[in-house]
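Some notes on the structure that comes next.
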Amino acid sequence: MKASEIRNTFLKYFESKGHTIVGSSPVVPGDDPTLLFTNAGMNQFKDVFLGFDKRPYSRATTSQKCIRAGGKHNDLDNVGYTARHHTFFEMLGNFSFGDYFKHDAIQYAWELLTKEFKLPAEKLWVTVYSEDDEAYEIWNKVVGVPAERIVRIGDNKGGRYMSDNFWMMGDTGPCGPCTEIFYDHGPDVAGGPPGSPNEDGDRYIEIWNNVFMQFNRTEDGVMHKLPKPSVDTGMGLERITAVLQHVHSNYEIDLFVKLLAAAKNAVDFASGVKPGEAGCDADSPSLKVIADHIRACSFTVADGVIPGNAGRGFVLRRIARRAIRHGYKLGARAPFFHTLVHPLAVEMGEAYPELKQGANRIFEVLKQEEERFFQTIARGMEILEDALNTGAQQIDGETAFKLHDTYGFPVDLTADVCRERGVTVDQAGFEVAMNRQREQARAAGKFKMAAGLEYSGVATAFHGYEHLVCETSKVVAVYVD
Ligand code: ATP
Ligand code: MG
Ligand code: MG
Ligand code: MG
């Protein structure tokens, strides 16, 4: 089954159970200042769960575009290192707004997985929130999952409700205990069952989370009971596709195989690889990062974000530049990343027409960002290499700041390079340097205002994130907040 067929099977199954198929909302949440990007299917229904909004249906099903590259759910550092994480992914979900609850949700999930998708029951494990005896009983007595494959997960992350089985959208908002379904990819893959010390391997992969929405968490940390207990579920399309296509990694599913091939071609071309030469390693984690990040960047631009120095634009810039740096690592010495927009539109444009319609614009936006970064990446990498070659276990804050400020290396990009060499970045030192620069810039800004001067414009190598810096004289020229 192709990813597109799996998406359809899911939606049709829940439609047959009385759910209304609702379209994905944009990756940029409409009117939710608590959220940088849409991180789950339930986001567009937040006010329905809270009782502030009503819909003509009490059951819905969606395939939602999600981005997890910042805030409470941030998978940026996992991409390329685990078999299951993306920055952009599609979350399949079914929702009950005060309609059905635990019994039906669990039974629907089980029926879809074992009857429609025909997964062998013995490969499925489930977890429940430690105190949720009701969910435990449904799995064990009604569905028949043996006790050996049901794991209770408690508040093991410090503090009440800090559990993998207590789901929160962010620090505030609807939340509740959850039950998760894991698939065992078999003994060839490393990793232990959920709840075990080595659960983070790639063997037992979480495929589906069923959240029993019961509370609204407010800023003061208080859990208020929701007007009606509801259900919110999320299953990663790429993860269930890997299972159904009998591969162990999301990056081996049909959609990614093509994207990875396109990424390799683009990188090799930009590296000057001649026909007949092997080019970069097709299994390199860097190619996975690039294939992942072109999705996140393209969908973000399609929904109206452009690279910038703050907020969403800065997240987009960080993702794009990380991908570009991975291409550079593989040998690319000219822009390549933006050329993946059209191959992506071919793969996903049918399900998401905004990609097809916006392809030329997305291409241009990412091209500009890439050309800009290629002006400084080589020199920045030299500086970073020099620092790494000293053998220090930590890159000092001043160097990280210089890379950020003058060469356009967001600090997480520097950290990403360092991690490959087992080196860390002095984040606190970086913050100190950053704050000093802010203060200087603010003072200069005030001076400029007081004097009524206009900045005449000095050519700079790189336009910093928050200010322009004239590199030769080290004078902060203009402060742009
Ligand atoms: P994990 O523990 O693997 O990081 P999660 O517990 O953070 O996943 P949930 O918040 O429960 O994930 O999201 C619901 C589902 O969405 C997950 O069960 C998984 O199938 C999918 N999912 C979550 N994060 C990602 C990601 N970064 N990339 C791809 N799929 C994801
Ligand atoms: Mg996660
Ligand atoms: Mg999890
Ligand atoms: Mg989960």
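Whatever order the structure lists ligands and atoms in, that order sets their numbers, starting from 1. If you're wondering where the values come from, they're calculated on a predicted model, not measured in any experiment. Below, all heavy atoms of this structure are taken into account, side chains as well, without hydrogens, waters or symmetry copies. Positions are given from 1, in the same order as the sequence printed here.
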Show me the pairs that pass ring pair (Phe, Tyr, Trp, His ring centres under 6.0 Å) and involve residues 39-72, at least two apart or across chains.
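Qualifying pairs, neighbours excluded: Phe45-Phe95, Phe45-Phe97, Phe49-Phe97.
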So do Phe212 and Trp167 actually touch side chain to side chain, heavy atoms under 4.5 Å?
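No, their side chains stay 4.5 Å or more apart.
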What is the name of the N/O/S atom in Glu206 that sits closest to the Mg ion (ligand 3)?
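Distance check against the Mg ion (ligand 3) picks out OE1 in Glu206.
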Centroid-to-centroid, His185 to Tyr183, below 6.0 Å?
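That pair passes the under 6.0 Å test.
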2.8 Å cut-off met by an N, O or S atom of Asp164 to the Mg ion (ligand 4):
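False for Asp164.
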Just grab all the salt bridge (charged side-chain N to carboxylate O under 4.0 Å, His left out) pairs involving residues 226-239, residues at least two apart or on different chains.
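Counting only pairs at least two positions apart or across chains, the salt bridge (charged side-chain N to carboxylate O under 4.0 Å, His left out) contacts touching residues 226-239 are Glu238-Arg295.
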Identity of the N, O or S atom of Glu180 lying closest to the Mg ion (ligand 4):
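This turns out to be OE2.
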